[in-house]
Amino acid sequence: MAIQAVRGMKDLLPTEAAKWRFIEGAAREVFAAFGFGEIRVPVLERTELFARSIGEATDIVEKEMYTFSDRSGDSLTLRPEATAGVLRAYIENKLHGQPGPHKLFTIGPMFRHERPQKGRLRQFHQLDVEVLDDAGPLVDAELLVMLTQLLTRLGLRNVKLMVNSLGCPDCRPNFRAALIDFLDAKRESLCEDCRRRLDVNPLRVLDCKSEACQQAVEGAPSIQDHLCPGCRQHFDELRRLLALAGVDHAVNPRLVRGLDYYVRTTFEAVAGDLGAQNAVAGGGRYDGLVERLGGPAQACIGFGAGIERLALLIDDRPEWRAGPDLFLAAIGPQARDWAFAQAQDLRAHGVWVEMSGEDKSLKAQMRRADKLGAARVLVLGESELAAGTANVKDMLGQGEQRPLSLSDLGRALFPRHYNQ
RNA sequence: GUGGCUGUAGCUCAGUUGGUUAGAGCGCCAGGUUGUGGCCCUGGAGGCCGUGGGUUCGAGUCCCAUCAGCCACCCCA
């Protein structure tokens, strides 16, 4: 029995990888325009880092992390998200000593032991963006503009941006208390999960999918009515700036986040045609986190976007399947030797060349060239070799052929490649 | 972690109430003029019917277990 990939871990084949390069390339360009620098951090961190940042009581930390002891007995964890590691690196390398704000992005795999389904894998990949040491609503707005530009660049329509404010340590407790008061009276009509949530994380009851809960939640107090003046002003300013930048969005007072560290601005980009796992990007402000991880008190904001989920929304493009620039169809040992040597020279100039690895009939070689999607084929036999001239066939059009001197083939066919 | 559906050729799938050598389309290979692809025709290769047990004279078809995939719950990107 052949060995299979670990559950929830997927191979990325060349065609799919091309799509990923497109996504990552677009992200790099957009992020660069907003002044973000790349940071690469380890995939393994000390378990404690995530317990402290994400929150002990979250599902992620409680039951979804890949945690193990290494050979020296340290408890390590494959990162379930990127922010904690980036902040650790930020603090450890004392980047906070430099004048801020610091804009960082990273791209890579995350790991969560969940049951796989559409848009959800155990190893998945995120584009992750963080702005450190900036409290203002202007950065919040810029981050959302950047996300919007990225989605546009990727050709994604039918993605909705939802924003909310979660309040801060000053005002959230009030809201929380009001919410618990309200829900407690309806405890009986809540689903089993939500009765548990009521004690652990009452905000989550708000976005429960069960109909009973949706009804019960009808008329519940809204965080939007409980924001303290500071949070209120922050949120209003954010919305004003979003309007100025022309960013379409909706305020969703029930939008909550699964990680404990979020405060104030939170947001989520939701794709209409993705099924149940429809959040394609999500993030928010985490002002107290750097301090909690042992750094200075600095306000920060960031978001993560799921590459797999973005990829599900993007159709293949023909340019990702482009074929060789030239196929060398050689007949006979001498022609094959010449073609072999010529191929290496063309490649040294950056031309994509293919030739048949075996001594096949010309017909077979032509078929091969066609299958590969070669733009042109050079037909080369003993007589052409002797004459120093061979036909080049255009495979993309009607198949016209024209004779070409073999002595400066590369320069004649690919002047751009040869003139630099 | 819970529930439902699915697992037959490289891919997409047929496979009658359990009954001989398991099929199709696409793809692949070769040929259809001696040195020219795409369309067409002919031939060919390729399956421990996910895996392990069981029932039966006989299992791709039935039962159990297991693994994997999909979808949903949950959670989230």
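Because the structure is a prediction, the values reported are computed rather than measured. In what follows, chains carry the letters A, B, and so on, assigned in the order in which the sequence lines appear, proteins first and then strands, with residues in each chain numbered from 1.
- Taking atom CG of residue A/Leu396 and atom C1' of nucleotide B/G38, one finds them 12 Å apart after rounding to whole Å.
- Residues A/Glu130 and A/Tyr286 have side chains that bring a donor and an acceptor to within less than 3.5 angstrom of each other.
- Residue-to-nucleotide contacts include no donor-acceptor pair under 3.5 Å from the side chain of A/Arg120 to the base of B/C71.
- Within the nucleic acid shown, A/Lys63 has no heavy atom closer than 4.0 Å to any nucleic acid atom.
- The partner of B/U2, taking Watson-Crick or G-U wobble pairs whose two distances both stay under 3.5 Å, is B/A72.
- Formation of a donor-acceptor pair under 3.5 Å by the A/Arg112 side chain with backbone atoms of A/Pro80 is found in this model.
- B/U12 and B/C71: their P atoms are spaced 14 Å apart (whole Å).
- As judged by a 4.0 angstrom heavy-atom cut-off over every strand, A/Ala281 is placed among residues touching the sugar-phosphate backbone only.
- Going from atom CD of A/Glu268 over to atom P of B/C75 covers 13 Å, rounded to whole Å.
- Put simply, CG on A/Leu328 is 16 Å from C1' on B/G35, counting in whole angstrom units.
- A/Arg122 has its CZ atom 8 Å from the P atom of B/G1, to the nearest Å.
- Closest contact between the side chain of A/Arg7 and the listed nucleotides B/G69, B/G35, B/C75 involves B/G69.
- Residue A/Ser361 is the one, among A/Ser361 and A/Leu380, whose nearest nucleotide of RNA chain B lies closer to the 5' end (criterion: closest heavy atom).
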Salt bridge (Lys or Arg N to Asp or Glu O under 4.0 Å) evaluation trace for A/Glu45 with A/Arg88
CA-CA 9 Å; A/Glu45 296 280 358; A/Arg88 197 226 77 236; 2.5 Å; yes
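- Checked by distance alone, A/Glu382 brings no side-chain donor or acceptor within 3.5 Å of a matching partner on the base of B/G35.
- Across all strands shown, B/C62 forms a Watson-Crick or G-U wobble pair, both distances under 3.5 Å, with B/G54.
- Side-chain atoms of A/Asp140 do not come within 3.5 Å of backbone N or O of A/Leu238 as any donor-acceptor pair.
- At least one donor-acceptor pair under 3.5 Å links the side chain of A/Asn252 to the backbone N or O of A/Arg254.
- No contact: A/Gly373 has no heavy atom under 4.0 Å from any strand.
- Within 4.0 Å (heavy atoms only), A/Gly283 reaches no atom of the nucleic acid at all.
- Checking B/A77, B/C71, B/C76 against every side-chain atom of A/Gln117, the shortest atom distance belongs to B/C71.
- Base contact: A/Val379 has a heavy atom under 4.0 Å from a base atom.
- A/Glu114 has its CD atom 14 Å from the P atom of B/G69, to the nearest Å.
- No hydrogens or angles were tested; on distance alone, nothing pairs the side chain of A/Lys363 with the base of B/U36 as donor and acceptor under 3.5 Å.
- Nucleotide B/G44: paired with B/C28 (Watson-Crick or G-U wobble, both distances less than 3.5 Å).
- Using a 4.0 Å heavy-atom cutoff across all strands shown, A/Glu64 reaches sugar-phosphate atoms only and no base atom.
- The side chain of A/Gln4 has B/C67 as its nearest neighbour among B/C67, B/G32, B/A77.
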Please walk me through it: do A/Phe105 and A/Phe31 pass ring-ring contact (aromatic ring centres under 6.0 Å, His included)?
CA-CA 8 Å; A/Phe105 78 91; A/Phe31 296 167; 5.3 Å; yes
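- Side-chain proximity of A/Lys371 to the nucleotides B/C75, B/G27, B/G37 is greatest for B/G27.
- Across all strands, A/Leu378 comes closer than 4.0 Å to no nucleic acid atom at all (heavy-atom distances).
- Picking from B/G37, B/C76, B/C67 the nucleotide with the shortest atom distance to the side chain of A/Arg309 gives B/C76.
- Across all strands, A/Gln398 comes closer than 4.0 Å to base atoms (heavy-atom distances).
- Across B/C64 and B/U56, the matching C1' atoms stand 16 Å from one another, rounded to whole Å.
- B/A22 and B/G50 have their P atoms separated by 15 Å, with the value rounded to a whole Å.
- A donor-acceptor contact shorter than 3.5 Å is absent between the side chain of A/Glu29 and the backbone of A/Ala26.
- Across the protein-nucleic acid pair, A/Leu372 atom CG and B/G27 atom P stand 16 Å apart, rounded to whole Å.
- Rounded to whole Å, the P atom of B/G18 lies 11 Å from the corresponding atom of B/C63.
- With distances taken from any side-chain atom of A/Met366 to the nucleotides B/C70, B/C73, B/G37, the minimum falls on B/G37.
- Whole-Å rounding puts the A/Lys360 NZ to B/G31 P distance at 9 Å.
- With rounding to whole Å, A/Asp370 atom CG is found 15 Å from B/C28 atom C1'.
- Around the CZ atom of A/Arg40, the shell of radius 6.0 Å holds no more than 12 heavy atoms that belong to other residues, nucleotides or ligands.
- No cation-pi contact links A/Arg28 to A/Phe36, judged by a cut-off of 6.0 Å to the six-membered ring centre and 45° from its axis.
- Here the nucleotide nearest the side chain of A/Arg115, chosen from B/U36, B/G3, B/G38, is B/G3.
- At the heavy-atom level, A/Lys118 lies under 4.0 Å from the strands shown only through sugar-phosphate atoms.
- Taking the nucleotide of RNA chain B with the nearest heavy atom to each of A/Arg368 and A/Asn391, the more 5' of the two is matched to A/Arg368.
- Closest to the A/Ile331 side chain, of the nucleotides B/A77, B/C75, B/G35, is B/G35.
- The residue A/Lys10 sits apart from the nucleic acid: no heavy atom pair falls under 4.0 Å.
- Pairing for B/C39 is absent, with no Watson-Crick or G-U wobble pair whose two atom distances lie under 3.5 Å.
- Figure legend. B/A9 is base-paired to no nucleotide; pairs are counted as Watson-Crick or G-U wobble with both atom distances under 3.5 Å.
- Proximity note for A/Gln126 (side chain, C-beta onward) versus B/C75, B/G37, B/A77: the nearest is B/A77.
- As judged by a 4.0 angstrom heavy-atom cut-off over every strand, A/Glu400 is placed among residues making no nucleic acid contact.
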